[in-house]
Protein chains: 2
Amino acid sequence: MKSNHKATIVDVAKAAGVSISTVSRVVNDYPHVRPEIRLRVQEAMEALSFVPNRQARRLVGSRSGVVGLMVHALGTEYIAQVTRGIDEALYEADYDLILYTTHRVPDREVHYAQAVAQGLADGLLIVVPSVGDAYLDTLRAANFPHVLVDVDNGNEKSSSVGITNYQGAYDATSYLLKLNHRRIGLITDQPEWSLSRSRLSGYKAALADHGLDYDPALIQQDNFMSPYTGRLVEAFLALDDPPTAIFTFNDTAALQVMETLRLKRIRVPQDISVVGFDDIAQAKTATPELTTVYHPVYEMGRAAVEILCEHIENPGSPPRHIQLETQLRIRESCCYWSDA
Amino acid sequence: MKSNHKATIVDVAKAAGVSISTVSRVVNDYPHVRPEIRLRVQEAMEALSFVPNRQARRLVGSRSGVVGLMVHALGTEYIAQVTRGIDEALYEADYDLILYTTHRVPDREVHYAQAVAQGLADGLLIVVPSVGDAYLDTLRAANFPHVLVDVDNGNEKSSSVGITNYQGAYDATSYLLKLNHRRIGLITDQPEWSLSRSRLSGYKAALADHGLDYDPALIQQDNFMSPYTGRLVEAFLALDDPPTAIFTFNDTAALQVMETLRLKRIRVPQDISVVGFDDIAQAKTATPELTTVYHPVYEMGRAAVEILCEHIENPGSPPRHIQLETQLRIRESCCYWSDA
DNA sequence: ATGAAAGCGCTAACAT
DNA sequence: ATGTTAGCGCTTTCAT
C-alpha cells in the first residue's frame, strides 16, 4: 500500500471505479450524478481521506476557498478584534484565511496586491487605513474582489465597510459640551486617514452647534510613539487657557493621557475629563473606567466578509458601502465642569 | 494591448524572445544562462511586472512559500503576540502565512493538518496546547515539516518550542512562600495541557521544598468562561481556612480574580496577594499592577519559525526542542503576609 | 547554453 | 448520467 502518498482525484476515481469528472462533480456538489454513484465516490473519498488541492483548483480558474487579509501589523487589540470578526465569518462561509502583513512598508502593499490578485486568494480584505490608490487601481483593473475595512470614503469604486466616525466624534464632543466643558483638547490620529478627517469634522461641528469656534492650539496630532502622547498633554497644560477635557481618537492614547495625568497628580475626572475612541478591553479595566466611543470592530469584520463573499460569488456585483453605528459609552472618566 | 491579463512566463518568454525554460531558469536563479540573456529576461519581467504564480509552482512539487499556522482562536493578547513573532520572522524569511483557526473543534484540527500536508503549505506551526496525537502522526508519517509551539513535552518526535513552565510556577510559588504565605490558592488551565501539568508540578515542588504539602481544596480549574473565575474565588473564600494568596496560570484569570476581589471590597495585596502568568499588556496597566511570570511569547514565535525553516530547507533534519526562560516580574499585587 | 515536452491536480467544455 | 480531453502556470527531465 502506498498510503503515504496523498490521494488525488485520480486515486479516488480508481477506487470508486468512475472517471475523474464524476469525482469532481461529487466534490463540487454538482448535479447529474446518480445517488448511488455519488455515495460510492464519497465513500472512496472518505477511505482515502481525500482533500482537494486548492492551488490546482485555483490554477484552473475556479475558487480556491482562500481569502487574503492585508493588515499593517499584528499585535494590537484593535487588529486582534477585527481579525476575530473576519475569521469567524470566514469560517462560517468555509474560507481559509491568508494573512498579509505590510509592516507599514508601502511598497509591500503594492507588491502584495499584485501577488494576491495572481495568487491563491479568491478575494482580499484590506485593513490599512491609508489606502494608497496605487494598488487599489491594480485590484479594480483586474476586477479582483476586495473590500476596504474601516475606511470612510463612500465615494470609492471599491466596496467598503466603516463606522459613523463623524457622528461618534460629534456625540463625544457634545457630551463634553453638555458637561459644561468649553476648552476641549483633541488628540487626533494620522490626518491622512479618512476616518480621522471625519472625526475631526464631527468635533468641529459639535463645537459649532454650541456656538463655539475651534482653537487650533487645542488640536494636536498623535504619532504613535509611546512617550509622545504625554508630551501632547504637557503642551495642553502649558497653555494659558488649558483644556478642561481631552478627547482622543483612540483608547490607547486616552489611556496614556490618563497615565500621564496620574503621574502629574492631576485627577481624572475632577481636574480633567478624558474621552477615548474604540472601547478596547482595557477601557473597562482602567482606573477610572474610560468613557469612550464604542467602535463595532468585530461586527465590522463580519460585514466586510459578507460583502466580499458576495463579490466572489457574484463577480459583476457593484461596490457596496456599509456604515456601522458607533455609540457613546459613558463611564467614569468625565464629570461636570464648574469654573471654580 | 492586453495588459489587464496578468503576465505569465509565456508572456515574459515571448517578450524576451526566449523559451519558457530559460525564463524559469532566470526566475529561479539557476546557472547555465548567458549573462546578457539573463539581463534581457529580467528586463522583460520588470516591464511586465511579472510575479510567479505560487500555486503553479507548488503544483509541480516545489516550494509554495506559504506556511500554515494553526491556532484555537484569535482575539486574545496571548495569540496576538505569538502570531506577531511568527509573522515577523516569516516575513523576514519571505513566507506567506495561512491561518487556521480551529475554534476548539478537534475535527477541524485533523482536517487542517491533512489539508496543509496535502500541499497547500510547506510547513505547519501548531499553537494548540492540547496536541491530539491523531493528526500529529499523520504529519510525522508524511514527514511534513511542523513545529509545536508552547508545548512542554520534549519527548515528542516532533520539534517544539516551549518555555520553562515548571520553573516559572516554581518561582512564583516560592516568591509567595517567601512572603510568608502558607495557603496559596491555585487556578489552573486545562489539566490536559502539558504546560499546565508542568506548572502544577512547579507549584507542588515549591511547596514541598518549604516542607508544605498541597491542599487539593486550594487547586481549582478555570474553564475560560468569563464569569466562572469569580466563582472559583468565592469558593476559595468560603473555605474554613481560605488562601492568603492566589496564583493563576494566566493573566486574564488573575485580572478577573482582582476584579472579583475589588467588587467584594477585599484589598489586593493587603488582604490577598495575586500572581498571574504570561505578563500581558494589561498586567502593567491594572491597579494594582499585577505581579506575574513573564512568558516570552514573541520570542517563542520567532524560534518556532527558525526551526520550521530549517526543516523545510533540510527535509531530513531531526526534531529540535527549544525551551525559553520565564522570569518572575514583581510588581504591586503581592505583599508580606502576617497572621494578625 | 537553450528549447521541447511531459506532467503536477484540478475544472470545464465537449462528447457520448 | 458519465467519460474524454484540453488546458491553468510552472518546473524538470531530456534533447539538442
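For A:Asn53 and C:dC8, the CG to C1' distance is 8 Å, given to the nearest whole Å. Straight-line distance from the CD1 atom of B:Ile9 to the P atom of D:dG9: 9 Å, rounded to whole Å. If you measure from atom CZ of A:Arg63 to atom P of C:dA12, you get 11 Å, rounded to the nearest angstrom. B:Gln55 has its CD atom 12 Å from the P atom of D:dT11, to the nearest Å. Look at NZ on A:Lys14: it is 13 Å from P on D:dT4, rounded to the nearest Å. Rounded to a whole Å, the CG atom of A:Leu120 is 14 Å from the C1' atom of D:dC8. Here the P atom of nucleotide D:dT11 and the CZ atom of B:Arg54 are 12 Å apart, to the nearest Å. Rounded to an integer number of Å, the gap from B:Leu59 CG to C:dT11 P is 12 Å.
A side-chain donor-acceptor contact under 3.5 Å links B:Ser158 and B:His146. B:Tyr78 and B:Asp150 form a side-chain donor-acceptor contact under 3.5 Å, judged by distance and modelled atom types alone. In this structure, a donor-acceptor pair under 3.5 Å is absent between the side chains of B:His321 and B:Ser159. With hydrogens and angles left out, the side-chain atoms of B:Ser196 and B:Asp189 include no donor and acceptor closer than 3.5 Å.
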Please step through side-chain contact (heavy atoms from CB on, under 4.5 Å) for the pair A:Leu69 and A:Val149, ending with a clear verdict. CA-CA 10 Å; A:Leu69 172 62; A:Val149 182; 6.0 Å; no
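A salt bridge does not link A:Arg38 to A:Glu43: none of the charged side-chain nitrogens sits closer than 4.0 Å to a carboxylate oxygen. Between A:Lys14 and A:Asp11 there is no salt bridge, since no side-chain nitrogen of the basic residue lies less than 4.0 Å from a carboxylate oxygen of the acidic one. Using a 4.0 Å cut-off between a side-chain N of Lys or Arg and a carboxylate O of Asp or Glu, A:Arg84 and A:Glu88 qualify as a salt bridge.
The nearest pair of heavy atoms linking B:Ile9 to B:Phe50 is N-CE1, 3.6 Å.
Residues from residues 24-40 of chain A with heavy atoms under 4.0 angstrom of DNA chain D, sorted by number: A:Arg25, A:His32, A:Val33, A:Arg34, A:Ile37. Across residues 41-50 of chain A, A:Phe50 each have a non-hydrogen atom less than 4.0 Å from an atom of DNA chain C (numbered order).
Separation of the B:Phe144 and B:His311 ring centroids does not fall under the 6.0 Å cut-off.
Nearest-nucleotide positions on DNA chain C place A:Ala56 closer to the 5' end than the other of A:Ala56 and A:Gly61. The residue among B:Gly17 and A:Ser21 whose nearest nucleotide of DNA chain C lies closer to the 5′ end is B:Gly17.
Looking at the side chain of A:Ser19, the nearest of the listed nucleotides C:dG9, D:dG3, D:dG9 is D:dG3. Comparing C:dT11, D:dT11, C:dT2 by their nearest atom to the side chain of B:Thr22 picks out C:dT2.
Of the possible polar contacts, one joining the B:Thr83 side chain to the B:Ile79 backbone as a donor-acceptor pair under 3.5 Å is found.
Looking at DNA chain C, the stems built from 3 or more consecutive Watson-Crick or G-U wobble pairs, each pair with its key distances under 3.5 Å, are C:1-16 with D:1-16.
Side chains of A:Leu124 and A:Val67 form no contact here, defined as non-hydrogen atoms less than 4.5 Å apart.
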